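Notes for the one structure printed next.
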Amino acid sequence: MVGLTLLLLVVLESSHHDAARAQPPPPSQSVTVSVNRTAILATTGDGLFSGNFDWHLNTEEYPAWLNSSINIMNITDAKTIYLASQMSPGHLRIGGSEGDVLIYDIGQHEPCKPGFCLSMERWHQIVAFSQETNLKLVFGLNCMYGRSGKSGKWNKTNSDAFLQYTAAQKLSVFGFEVCNEKQSAVDADVMADSYHDVHDMLVKYWPDAASRPKLIGPDENPNGKFLEEFLPLVADVIDAVTVHIYTGYGLDSHLAEKITTAEYLNKYQSTLEPLATVINEKAPKAEVWIGETAAAWHSGQMDTTNTFLSGFWYLDALGTAANNNVQAFCRQTLIGGYYELLNKTTRNPNPDYYTGLLWRRLMGTKMIQISSSANRSALRLYAACSSADIQAKTPGALTIAYINIGDVAFSASPASLVGKPESANDIGTIEYHLIPGDGQMTLRTNTIMLNDKQLELDEANHLPPLDGMTRSGGSVLVEPMSYGYVVVPDANMDLCM
């Protein structure tokens, strides 16, 4: 009866978020959860919580990109620097289609389109921002300058001067990308020539391989055929292969309904897996990166991709990417559009920021196979050796990320995870349950609650405590239409020690 009492207490504790949630607890279904304790499923990078800046003008899809171009955005704001720094050791990628019309103003008097001329003063500010936040700066080069047609030759003089200047100024850049979504505009062999050109520049201006920026790309929309042609031609010089994955379309009037369906979430795996296979076969030394990603392209969708609702997609995509050995996962965007992690006006975190931050703090880089007796169309689970910070305190700890898109609550005993009978009632957990904020029933809210506590910045614009709820025993219960994390400190996973 002790276990039953604990389970009932969990249901009651999880059901007082607001008046609507104070109604009778939702029906719950008991499930069995198990993990593979004998082998690592995948090894991911420590930079999955990353974000992008873009070059969009104020007039593009107004007001989605108002004051959000990296060319004019305020990046000296202390609040922005602080919140971005919490994403370290992630990546800060600067790119987008407009990067392929950008001119680098190095005193060569190159003609620039309004808004697409990067001054060296601004370039220094961008690098300084990445240094202050301790984010790895990845910058997309204009590969279309002077190019005419799919087989046209690239005029590399401006990029060459830019790289030479960057090296001479000893500016720290983690990597340079070449081209953005140009798989239909440039032939594979011609693009490969540009990659070799940039590789030669990097070697010339950074002769020390240890400090040399990485060569990354081609930032293509999913196109396995293009990769099969392109990658063998650059496999000896490319360090990371990037693809862009957007599951939905921002102008889809039914997008909000689709995000919490298994069919929608399954698209990420069905898109990524074949691309990762091609990359691993054709460029086996290169890392697999997702260079741009969000729940929907075309700048996302207001009140959908910037709300709690987006988290179902975001957490599931993070788990899917990690299970496929992805080393970098660059969210479109950090600021800008309707899929931003930080509100462009207030710079306050949107719900996905907190979800990503908890991933960084709780999930390690060794992914573990996990399964449950529940239907995956309702309950989706991802597991990893807990983060290094947690492992330092409790070696062998396991962290589970969950997404419940079903209409019932699920309860599970953590005992089976540590090889004990499910009836065992002494396995502790630290739980991080995420639900819509402001006491709202709607999923389309810009606020989020962690274990019944609203997540808001304090008066100093610092993050609130993101403490888990410690439970000394009993079953874990997750509510319908919610997501979150569960840490099992005493999992004693030899694979994690």
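Keep in mind that this is a model prediction, so the values were computed, not measured. Side chains included, hydrogens not; waters and symmetry mates left out as well; all remaining heavy atoms used.
- Residues L362 and V487 form a side-chain contact, since some pair of their non-hydrogen atoms from C-beta on lies under 4.5 Å apart.
- Side-chain N or O atoms of Y339 include none that pairs as donor or acceptor with a backbone N or O of G250 at under 3.5 Å.
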Please determine whether side-chain hydrogen bond (donor to acceptor under 3.5 Å, both in side chains) holds for the pair Q269 and N324, giving the CA-CA distance in whole Å, both sets of side-chain angles, and the decisive distance to 0.1 Å. CA-CA 9 Å; Q269 173 69 17; N324 282 274; 2.9 Å; yes
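- Side-chain contact between S50 and L135 is absent, with no heavy-atom pair separated by less than 4.5 Å.
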Could you check L466 against L455 for side chain to side chain contact (heavy atoms under 4.5 Å, CB included), going step by step and ending with a plain yes or no? CA-CA 8 Å; L466 299 180; L455 295 182; 3.7 Å; yes
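- With R347 contributing its side chain and I335 its backbone, the two residues share no donor-acceptor pair below 3.5 Å.
- Between K182 and P218 the shortest side-chain heavy-atom distance does not fall below 4.5 Å.
- Counting heavy atoms from C-beta on, the side chains of T333 and W65 come closer than 4.5 Å.
- Formation of a donor-acceptor pair under 3.5 Å by the E292 side chain with backbone atoms of I290 is not found in this model.
- In this pair, H91 and W289 present their aromatic rings tilted. The plane angle is within the 30 to 60° band.
- Remark: the backbone N or O of E229 is not paired with any side-chain donor or acceptor of K282 at under 3.5 angstrom.
- A distance-only check finds a donor-acceptor pair linking the side chain of Y264 to the backbone of G248 [under 3.5 Å].
- When each of N180, V243, V241 is checked for a side chain to side chain contact (heavy atoms under 4.5 Å, CB included) with D219, only N180 meets the rule.
- Of the possible polar contacts, none joining the Q369 side chain to the S34 backbone as a donor-acceptor pair under 3.5 Å is found.
- Note that CG of D352 is 11.0 Å distant from CD of E340, once rounded to the nearest 0.5 Å.
- At distances below 3.5 Å, at least one donor-acceptor pair connects side-chain atoms of N306 with backbone N or O atoms of D303.
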Test Y246 against N221 for side-chain hydrogen bond (donor to acceptor under 3.5 Å, both in side chains), laying out the working first. CA-CA 9 Å; Y246 292 92; N221 286 321; over 6 Å; no
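- Without hydrogens or angle criteria, T304 side chain to A256 main chain gives no donor-acceptor distance under 3.5 Å.
- Taking both residues in full, the closest heavy atoms of N323 and A42 are given as O-CB, 3.4 Å, listed atom of the first, atom of the second, then distance.
- You'll find the side chain of S68 stays beyond 4.5 Å of the side chain of H56, heavy atoms only.
- In the model, Q332 has a side-chain atom that pairs as donor or acceptor with a side-chain atom of D54 under 3.5 Å.
- Atom CG of L434 and atom OH of Y354 lie 11.0 Å apart (nearest 0.5 Å).
- Rounding to the nearest 0.5 angstrom, the gap separating the CZ atom in R380 from the CG atom in L265 is 4.5 Å.
- At a cut-off of 3.5 Å, with distance as the only test, no side-chain donor of S310 or T305 sits close to an acceptor on the other residue.
- Atom NZ of K214 is surrounded by 12 or fewer heavy atoms from other residues, nucleotides or ligands within 6.0 Å.
- Listed for the T394 side chain is no donor-acceptor partner under 3.5 Å among the backbone atoms of Q391.
- Taking CG of N52 as the reference point, atom CG of L334 lies at 8.5 Å (rounded to 0.5 Å).
- Of all non-hydrogen atoms in I390 and A397, the two that sit nearest each other are CG2-CB, 3.8 Å.
- Between F53 and F129, the two ring planes are tilted [angle within 30° to 60°].
- Atom CD1 of I400 sits about 9.0 Å away from atom OG of S386, to the nearest 0.5 Å.
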Worked check of side chain to side chain contact (heavy atoms under 4.5 Å, CB included) between R93 and I216: CA-CA 11 Å; R93 175 185 173 270; I216 302 167; over 6 Å; no
Check step by step if side chain to side chain contact (heavy atoms under 4.5 Å, CB included) holds for S482 and Y402. CA-CA 8 Å; S482 70; Y402 70 85; 3.9 Å; yes
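- A side chain to side chain contact (heavy atoms under 4.5 Å, CB included) with I448 is found for one member of N350, I435, T355 and no other, namely T355.
- Within the 3.5 Å criterion, the main-chain N or O of A374 finds no donor-acceptor partner in the side chain of Q29.
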Worked verdict on S377 versus N375 for side-chain hydrogen bond (donor to acceptor under 3.5 Å, both in side chains): CA-CA 5 Å; S377 64; N375 193 315; 2.8 Å; yes
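- Of all the heavy atoms in G51 and M87, the pair that sits closest is N-CE, 3.8 Å.
- Ring geometry, F312 versus F308: the interplanar angle exceeds 60°, so the pair is classed perpendicular (tilted spans 30 to 60°).
- The closest side-chain heavy-atom distance from N461 to Y82 is not below 4.5 Å.
- Ring orientation note: the planes of Y314 and F329 are tilted relative to one another, at an angle of 30° to 60°.
- Between the side chains of T429 and E431, at least one donor N or O sits under 3.5 Å from an acceptor N or O.
- Between L272 and A321, the shortest heavy-atom distance links the atoms CD2-CA, 3.8 Å.
- Atom OG of S88 and atom CZ of R360 lie 7.0 Å apart (nearest 0.5 Å).
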Please walk me through it: do Y353 and F49 pass ring pair (Phe, Tyr, Trp, His ring centres under 6.0 Å)? CA-CA 9 Å; Y353 175 90; F49 185 36; 5.6 Å; yes
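- Put simply, the side chain of T365 reaches to within 4.5 Å of the side chain of T44, judged on heavy atoms.
- Nearest heavy-atom pair across L137 and I94 is CD1-CD1, 3.8 Å.
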Let me see the working for T307 and L443 under side chain to side chain contact (heavy atoms under 4.5 Å, CB included), right down to the final yes or no. CA-CA 7 Å; T307 68; L443 301 177; over 6 Å; no
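- Scanning both residues, P222 and T271, for their nearest heavy atoms gives CG-CG2, 3.7 Å.
- Only one option out of T260, N404, L309, I403 pairs with M481 in a side chain to side chain contact (heavy atoms under 4.5 Å, CB included); it is T260.
- You'll find the ring centres of H298 and Y338 outside the 6.0 Å limit.
- Looking at heavy atoms from C-beta onward, M363 lies out of side-chain contact with L48 at the 4.5 angstrom threshold.
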